> 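A single structure is presented below for examination.
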Amino acid sequence: MWKKRVFLVIIAISTISLLLHHGGHLTWTMEAFHLGCPALRSHPYSGLKPKHSNVVFLKTHKTASSTMQNLLFRFAERNNLTVALPIQACSHQFCYPRSFTTHSVHQHTLPPNIVTNHMRFNKAELKRLMPNDTIYVTILREPGSMFESLFSYYNQYCQSFKRVPNGSLEAFLDEPWRYYKPEENYSMYARNTLTYDLGGDKDRPAKDVSYAKAFVAEVERVFSLVMISEYFDESLVLLRHLLSWDLEDILYVKLNMRTPSSKQGLTDDLRKKIRAWNSLDAQLFDHFNASLWRQISAVGPACVAREVRLLRETQEKLMKRCFGEGMPLVRSAAEIKNKELRPWQPSGKVDIVGYDLPANISQSFSNQDQELCLRLIMPEVQYTKMLLRSQLLRYRLTSQGRAQQQSHSFQQPVRTSLLRHPAHRSQPPVPAAATPASGTGTNSKTAVGQQSKGQNPHKPSPHRLENSS
């Protein structure tokens with residue numbers, strides 16, 4: 001018995017020593033344990049299952065998805081993972097608004113672990129691209145605030161919005177069919193944008209209840225987690241549990257925000273009109289908002305609340321580390337000195353703000369710390385370009401290493417022997433003919449990944465159309 005007690009004491013001392021060695025994780029782990037929460041993985045020998053690294057995040061429009069994308073980019077870099085990135089012709093999106101195909105993926109970013117740039121969802125094509133254990137995640141937003149943001153952000157690009165007198169949201173909602181043309185380019189920003197991004201039919205009549213139910217069910221079947229923008233931190237806690245990630249993996253800074261003067265307040269009447277016009281999106285949001293809270297209940301509301309608090313406390317420490325004692329001040333693009341940190345501006349009527357690092361950051365920070373802070377606040381377009389450059393460099397270095405190994409093997413002495421029969425020289429394989437990407441292979445009326453009518457499948461999105469949170 002005494003041997004067993006000594007053994008348990010040694011185990012306890014070893015565990016405490018390891019936690020102290022990893023001091024940055026101690027508070028999180030101990031507080032999570034206090035409430036019975038599954039503790040975060042604080043070191044390689046913790047006994048918890050490894051982090052899941054094969055993830056597709058469907059980046060929807062105006063839902064805080066740029067913030068989520070930045071988080072995934074940083075996770076990929078820290079863990080030396082490959083992110084699928086678009087070909088040059090598609091800019092920083094997978095040829096949106098066309099339905100996603102593997103042909104839009106840069107060949108030197110294959111095979112990928114993570115997909116997170118804008119696309120129109122196509123499950124069949126993603127299954128061809130990703131490993132079998134890939135986890136699918138997306139994010140939704142309350143239809144009223146989302147549609148107001150879309151109307152403001154794309155007012156100069158979406159013809160359905162552009163033709164409205166004085167850019168009036170009220171005028172559009174009073175007579176939407178007067179301005180909305182389903183067949184026009186970028187009409188997906190003017191109606192049921194979430195449904196379109198998820199691959200559904202944005203113009204399906206609201207009275208088609210069976211379609212709406214089937215589509216919601218299909219989204220629920222495909223996506224392991226549907227985050228809700230209004231409960232972003234709670235959604236991140238659920239994501240952490242789903243993927244077995246650390247606290248450090250879900251830290252973030254809000255990106256691609258509008259100034260208050262660029263936003264319009266909504267009356268209850270306007271919100272009702274928005275929900276009626278975007279009835280499919282409203283049903284998606286209502287269903288998955290309720291689903292999120294069921295999942296929070298399953299994990300434990302007290303546990304989730306504690307993890308949210310710890311997340312925010314750690315995030316605040318990180319902000320002070322990067323920006324000094326004061327929290328980072330949002331700046332207009334013109335005020336940001338580093339052009340790599342200037343967010344894209346959709347029009348002169350909308351002001352998208354960003355951040356700049358303190359001028360004296362290099363004096364007290366290591367290069368590693370500077371890179372972390374820089375990436376935290378880097379906008380979508382610039383980060384995509386930087387990530388592509390780094391992955392192309394890695395591809396070239398890997399290719400050179402293979403070539404050197406092959407050259408070395410060719411220089412080795414080769415023993416030969418006489419063959420009794422002439423060797424048969426095999427014919428080179430005939431390359432397979434290129435075939436167009438297949439569809440989803442499921443019923444187009446309900447499948448996530450369906451190509452809806454009225455979109456030009458051959459017209460790529462303009463270079464400047466970035467659609468972040």
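What you see is a predicted model; the values in this text were computed from it and never measured.
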> Less than 4.5 Å apart, any side-chain heavy atom of T384 and any of F73?
yes
> Charged N to carboxylate O below 4.0 Å: is that the case for K123 and E218?
no
> Please determine if R321 and D369 form a salt bridge, counting it only when a charged side-chain N lies under 4.0 Å from a carboxylate O.
yes
> Verify the ring-centre separation between Y189 and H61: is it less than 6.0 angstrom?
yes
> Mind running salt bridge (Lys or Arg N to Asp or Glu O under 4.0 Å) on E313 and R309 for me, showing each step along the way?
CA-CA 6 Å; E313 289 176 356; R309 182 179 66 78; 2.5 Å; yes
> Is there a donor-acceptor contact under 3.5 Å linking the side chains of R394 and T82?
yes
> Checking R204 against Y211: charged group under 6.0 Å from the ring centre and within 45 degrees of the axis?
yes
> Which of these, Q69, E340, E77, H92, sits in a side chain to side chain donor-acceptor pair (under 3.5 Å) with Y383?
E77
> Can you confirm whether the side chains of T60 and T63 place a donor and an acceptor under 3.5 Å from each other?
yes
> Begin with the C-alpha distance, continue with both residues' side-chain angles, and end with the deciding distance and a verdict on side-chain contact (heavy atoms from CB on, under 4.5 Å) for K59 and M68.
CA-CA 8 Å; K59 189 176 187 295; M68 185 64 196; over 6 Å; no
> Run the salt-bridge test on E316 and K320 with the 4.0 Å N-O cut-off and return the result as yes or no.
yes
> Once you round to the nearest 0.5 Å, how far does CG of L341 lie from CZ of R375?
11.5 Å
> For the pair D197 and R120, evaluate salt bridge (Lys or Arg N to Asp or Glu O under 4.0 Å) and give the outcome as yes or no after the intermediate values.
CA-CA 5 Å; D197 287 352; R120 187 171 188 222; over 6 Å; no
> Under a 3.5 Å cutoff, is there a donor and acceptor pairing between the side chains of Y196 and D201?
no
> Please verify the inter-ring angle class for F121 with F223; under 30° counts as parallel, over 60° as perpendicular, anything in between as tilted.
tilted
> For a 4.5 angstrom cut-off between non-hydrogen side-chain atoms, does R389 reach M386?
yes
> Can you tell me how the ring of F147 sits relative to the ring of F151, calling it parallel under 30°, perpendicular over 60° and tilted otherwise?
tilted
> Just jot down the side-chain contact (heavy atoms from CB on, under 4.5 Å) partners of L392, sequence neighbours excluded, or say none.
H106, H108, L388, R396
> Measuring from atom CD of E307 to atom CG of D233, what distance do you get when rounded to the nearest 0.5 angstrom?
11.5 Å
> Taking the six-membered ring for Trp, is the centroid-to-centroid distance between F232 and Y252 below 6.0 Å?
yes
> If you take all heavy atoms of T195 and L284, which pair is closest and at what distance?
OG1-CD1, 3.6 Å
> Do N70 and R74 pair up side chain to side chain, a donor and an acceptor below 3.5 Å, judged on atom types alone?
yes
> Would you check, one step at a time, whether the test salt bridge (Lys or Arg N to Asp or Glu O under 4.0 Å) holds for E142 with R271?
CA-CA 10 Å; E142 187 274 318; R271 288 188 182 277; 2.8 Å; yes
> Checking side-chain hydrogen bond (donor to acceptor under 3.5 Å, both in side chains) for the pair Y180/D203: CA distance, chi angles, key distance, verdict?
CA-CA 11 Å; Y180 176 72; D203 294 305; 2.6 Å; yes
> Show me the pairs that pass salt bridge (charged side-chain N to carboxylate O under 4.0 Å, His left out) and involve residues 286-304, at least two apart or across chains.
R275-D286
> Any side-chain donor-acceptor pair under 3.5 Å between S145 and E148?
no
> Under a 4.0 Å N-O cut-off, is there an ion pair linking K202 with D281?
no
> Distance check, rounded to the nearest 0.5 Å: L251 atom CG versus L71 atom CG?
8.0 Å
> Distance check, rounded to the nearest 0.5 Å: N192 atom CG versus N278 atom CG?
5.0 Å
> After noting the C-alpha distance and the side-chain angles of T193 and L150, does the key distance pass the side-chain contact (heavy atoms from CB on, under 4.5 Å) rule?
CA-CA 9 Å; T193 307; L150 287 164; 3.4 Å; yes
> Report yes if some heavy atom in the side chain of H52 is under 4.5 Å from a heavy atom in the side chain of S244; otherwise report no.
no
> Determine whether the aromatic ring centres of Y157 and Y186 lie less than 6.0 Å apart.
no
> Is E248 salt-bridged to R78, cutoff N-O under 4.0 Å?
no
> Counting distance only, does the side-chain N/O of Q391 pair as donor-acceptor with the main-chain N or O of V83 below 3.5 Å?
yes
> Taking atom CG of L280 and atom CG of L194, what is their separation to the nearest 0.5 Å?
10.5 Å
> Kindly indicate, with the supporting measurements, whether the criterion side-chain contact (heavy atoms from CB on, under 4.5 Å) is fulfilled by S53 and N79.
CA-CA 9 Å; S53 57; N79 293 279; over 6 Å; no
> Can you measure from CZ (F100) to CE (M119) and round to the nearest 0.5 angstrom?
4.5 Å
> Using side-chain heavy atoms (C-beta onward) and a distance below 4.5 Å, is L129 in contact with V105?
yes
